[in-house]
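Here, residue 1 is the first one in the sequence, and each next residue gets the next number. Atoms considered below: every heavy atom in the structure, side chains included; atoms not considered: hydrogens, waters and symmetry mates.
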Amino acid sequence: MKDSETARARVVGFSLITLFLVWGFLVTYLASRTLVRKFFARLLDEEAVRRISLKASREAQEQEEQRSRADAGAFVLTDRALKPGAGSPAVTQAELTEAMKKASERTRAQIFNTASSFRSANNLPGAKEKMARAAMVFQALIEADPEANYHRPRAELGYIFKDSTQPDWGKAEE
């Protein structure tokens, strides 16, 4: 009897060990196929979101750099138009208008204030020629505002036509 009980115990023990090995393998396999897949999918989604976010921030930074270059170019052209230096090329109306169109609203406001101050400071009997230089800047600001949202450049241009050495009343009223 002891031999038969020992043999049965061995079979039961071997069966239990085999059952737990197979059961453990199946549970581990199923867990790795479901839980680990979800984990890596979430991880990849987070990585994709990070990449998209990084790409968007780079594009925003690039746009800001382009805007800054455009603003700086508008300032430089305005300065050259108002105070031309010896040997520096003359600024054309088309160049100035294009620069104003690319510039930000804040920059156009600063340029307006600069040109307005320049016009006011040179509205003297001996400096009327200098005052007329601001007309290009105001014209460029007007052309950069096709919806006519800002009236002040138009008024300043009218003052230039009115206050010039030979007033042009027709243009001043426009």
Q: With side chain to side chain contact (heavy atoms under 4.5 Å, CB included) as the test, would you mind laying out the steps for E143 and D145 before giving the verdict?
A: CA-CA 5 Å; E143 291 177 23; D145 180 29; over 6 Å; no
* Scan R58, E59, Q66 and name whichever one has a side chain to side chain contact (heavy atoms under 4.5 Å, CB included) with E62. =>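 Considering R58, E59, Q66, a side chain to side chain contact (heavy atoms under 4.5 Å, CB included) with E62 is found only for Q66.
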Distance-minimising heavy-atom pair for [X] and [Y]:
X	Y	result
F138	S116	CZ-N, 3.6 Å
A81	V91	N-CG2, 3.9 Å
A134	A115	CB-O, 4.1 Å

Can you tell me how far the [atom1] atom of [X] sits from the [atom2] atom of [Y], to the nearest 0.5 Å?
X	Y	atom1	atom2	answer
R108	D71	CZ	CG	9.0 Å
I111	F118	CD1	CZ	14.5 Å
E64	S104	CD	OG	8.5 Å
I142	L157	CD1	CG	4.5 Å
T107	K102	OG1	NZ	14.0 Å
E105	Y150	CD	OH	3.5 Å

ask   = In the single-linkage hydrophobic clustering (I, L, V, M, F, W, Y; side-chain heavy atoms under 4.5 Å), do F25 and V22 co-cluster?
value = yes
Side-chain contact, heavy-atom cut-off 4.5 Å: [X] with [Y]?
X	Y	value
Q139	T97	no
S57	L54	yes
T78	M100	yes

What donor-acceptor contacts under 3.5 angstrom involve side-chain atoms of residues 37-44, with partners at least two apart or in another chain?
none

Distance-only donor-acceptor pairs under 3.5 Å for side chains of residues 26-35, two or more places apart:
unit_1	atom_1	unit_2	atom_2	d
T28	OG1	G24	O	2.7
S32	OG	T28	O	3.3
S32	OG	Y29	O	2.8
T34	OG1	L30	O	2.9

Lys/Arg-Asp/Glu bridge criterion (N-O < 4.0 Å) met for E47, R50:
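Between R50 and E47 there is a salt bridge, with a charged N closer than 4.0 Å to a carboxylate O.
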